[in-house]
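Written below as structure tokens is the structure these notes are about.
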Number of protein chains: 2
Amino acid sequence: MTHSRRMTLKDLARELGVSTATVSNAFNRPDQLSPALRERILGEASRLGYRGPDAKARSLRTGRSRIIAVILAESLTYSLNDPVASEFLSGVAEVLDAQGHTLLLLSSRQAQGLLPGSASMADGFIVYGLMPSGDLLDTLPAQAPLVSADFDIAGRPSVHVDDEPACYGIARHALRRPPRRPGIINLRLTAEPCNGRVTPDHTLLGPEQTITRSRLIGFHRALEEAGFAPDQVPMWNIEENTFPVCEPVIAGILDLPEEERPDLLLCMSDRIALTALTLAERRGLRIPEDLRLTGFDGIAEGQYRSPRLTTVRQDSTEKGRIAARMILGLVPAEPSLLATELIVGESCP
Amino acid sequence: MTHSRRMTLKDLARELGVSTATVSNAFNRPDQLSPALRERILGEASRLGYRGPDAKARSLRTGRSRIIAVILAESLTYSLNDPVASEFLSGVAEVLDAQGHTLLLLSSRQAQGLLPGSASMADGFIVYGLMPSGDLLDTLPAQAPLVSADFDIAGRPSVHVDDEPACYGIARHALRRPPRRPGIINLRLTAEPCNGRVTPDHTLLGPEQTITRSRLIGFHRALEEAGFAPDQVPMWNIEENTFPVCEPVIAGILDLPEEERPDLLLCMSDRIALTALTLAERRGLRIPEDLRLTGFDGIAEGQYRSPRLTTVRQDSTEKGRIAARMILGLVPAEPSLLATELIVGESCP
DNA sequence: TTCGCCTTCTGGAACGATTCAGTTAGCCTG
DNA sequence: CAGGCTAACTGAATCGTTCCAGAAGGCGAA
């Protein structure tokens, strides 16, 4: 009974005078041995401080670890501070937790497609947010299930929101009362990283930004229908969905001379719209009289705020739940498209 | 070259006519074999699609998994949507990532102290947010390093913020201009779950709520110094740091008849204070003339908002970084106390 | 009685790596 | 040229389980 080494299943078996197989069954397959013996084994185990079969050994033997990895396109720091990504993760976590699985968080290391070795322990992978490089996919165990969220990987299931119609819808709503000067604030939509004013030439490039590209196409379709030439509508780009990055770009927009300043801003995220809301208020602009604002995502902060944000609610939590269920095989792993909902707040009635 | 089974290190060794030890060294100890042979092994490995040593087998053999688990007191869903917990996690993730470790997220299942089996694979544990039950500590591998954040576990290192002086400081600041009717909104500080008005009898109970208890003591000390009898100052309690839970409680406070309504609210979190801010604005109350508000935490939303929130900034990200460094042994694992900073915004100048 | 069939338990071979104690071969030194 | 030393590589034990094939014993049916 020395504490020099951890107690193992084998030790326990020897102590009890039964085989390791039986002890293993006591923990994993109650129907494979008599209740009395099982009772005795479990009792002795807790008496001797045996904490149950070792997870490392079990996962080697069975080939399964009960760990699901979520690969985040951005750094973990960024993703964890982004409310939309956090909501997604919480949906994933909810399902995994209920099923006795655990969540491993990985970030695709600055696009090098390098994952730490322990990543390969996972039984399945959920890729969130951005197309991973081919290298990254090569790193993953070939036969492991994989589900992507917010974009497609050829031949793999994915879970999406239908961004284009959602953005068409909210823009249409905003344009019912015609603005004098509409403007668009994109989220990471240029080929080269860029914070500030962009022309149509800069955007729509690169194969990777599919979500935000769909959003822009939706905006443009509604603008065109409303009689605006999309390529005449001024656009700005923001690289990162955080307040500090949004602030200077939006300040630049709001400080334009009045005859150039937009009176309607279609924003690709709630964070962007909320930053615009704050900066406009600080400048004494009236919302929605002087400036109307729309967002995208439907995060809580946007609704617990005065004025409430007009936005498109996407249920990121549900997106996470579905991705997790697909990975665990609880629902068929086939492309899934989630509904969105237009929320009309006071920021753009 | 059939794909029926994954390629193993042994297969690769046979293919190359070298021993498994040598192949292992090629991957783990470059100095143990000639560069030429290493080159040949690595080349052949990638040619044959061998993805490197299997993490499960390695972790069994070496006893280490390069996985660090964070145990969150609340459900993962709640924690991931709480900006303070998210910031903490992002600090942890940042350090782990840089050191080639990965982050496993666990929640202490509704206080049952039950962890999924895979939890025991972790090399170390960071406990965040609430005292875990003794059962939970028993579940953990006995010799695994453990660091707690925001509270102490006997004999284990921890990382803290000094809540009492911080709250004393912000309350003192607020009380420099004497309020007519100060009030306090607690965060989860009653023995029984409760949303709404509480008396001093209800609070300060139970051994577990140490953070918020320290905060209240700080508030009380400042109030006493300012000539208020702490037990005469009305208090409300909020069970969960989310908008939907805050809203009705705060609405109840703001809808009190004017002669009972507080004109200064000391809140234990920024979320609470921000909800109060929004609801006050909707009721046409002027901030800070009719109502002054202070928060706690220093989350981004509080500063990118007009009026800016007066609050105490605690660097949760740094707290996470330190916890992670302790677990990895990069800094000595000894109790650590972080500084806080008073931020004076327009909500309580 | 004998045969077959459960139920209950056992022995031992995997799982895929790491690592320790050698073994060779080559080189330097005196 | 003997002796010692180092660099480069190998063989086999080991990590702690799971699970397959089979053995032992009891029981009912023919």
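Every heavy atom of this structure was used, including side-chain atoms; hydrogens, water molecules and symmetry mates were not. Sequence lines set the chain letters: A, B, ... in the order given, protein chains first and strands last, and positions in each chain run from 1.
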Just how far, in rounded Å, is P of D:dC19 from CG of A:Asn28?
7 Å
What is the distance from CZ of B:Phe27 to P of C:dT19, rounded to the nearest Å?
15 Å
Just checking B:Thr62: base, sugar-phosphate only, or nothing, at a heavy-atom cut-off of under 4.0 Å?
sugar-phosphate
Value in whole Å for how far the P atom of D:dT17 lies from CZ of A:Arg58:
9 Å
Quick test of your reading of the model: are B:Arg6 and B:Asp54 salt-bridged, counting only N-O distances below 4.0 Å?
yes
Ignoring hydrogens and geometry beyond distance, is a side-chain donor-acceptor pair present between A:Asp152 and A:His160 at under 3.5 Å?
yes
Distance alone, cut at 3.5 Å: any donor-acceptor contact between the side chains of A:Thr102 and B:Ser118?
yes
Can the ring centroids of B:Phe151 and B:Tyr128 be said to lie less than 6.0 angstrom from one another?
no
Starting at the 5' end of nucleotides 4-14 of chain C, put B wherever the base has a protein heavy atom under 4.0 Å, S where only the sugar-phosphate does, and a dash everywhere else.
-----SBBBBB
Using a cut-off of 4.0 Å on non-hydrogen atoms, how would the nucleic acid contact of A:Tyr50 be classed: base, sugar-phosphate, or nothing?
sugar-phosphate
How close do A:Arg51 and B:Leu140 get, counting heavy atoms only, and between which atoms?
NE-O, 2.9 Å
Under 3.5 Å, is there a donor-acceptor pair linking the side chains of B:Thr242 and B:Asn81?
no
Under the salt bridge (Lys or Arg N to Asp or Glu O under 4.0 Å) rule, what do B:Glu74 and B:Arg188 come out as? Steps first, then yes or no, please.
CA-CA 12 Å; B:Glu74 314 288 333; B:Arg188 207 181 302 108; 3.5 Å; yes
Separation of A:Leu60 atom CG from C:dG16 atom P, in whole Å?
7 Å
If I take atom CZ in residue B:Arg51 and atom P in nucleotide C:dG16, what distance separates them, rounded to the nearest angstrom?
15 Å
Rounded to the nearest angstrom, tell me the gap between atom CZ in B:Arg14 and atom C1' in D:dG11.
15 Å
Among D:dC15, C:dA17, D:dC19, the nucleotide that comes nearest once only the side chain of A:Arg29 is considered
D:dC19
Atom NZ of B:Lys10 and atom P of C:dC15: how far apart are they, to the nearest Å?
7 Å
Proximity to the side chain of A:Thr8 - top-ranked nucleotide from D:dT17, D:dT18, C:dA17
D:dT17
Rounded off to whole Å, could you give me the CZ-to-P distance for the A:Arg6 and D:dT14 pair?
19 Å
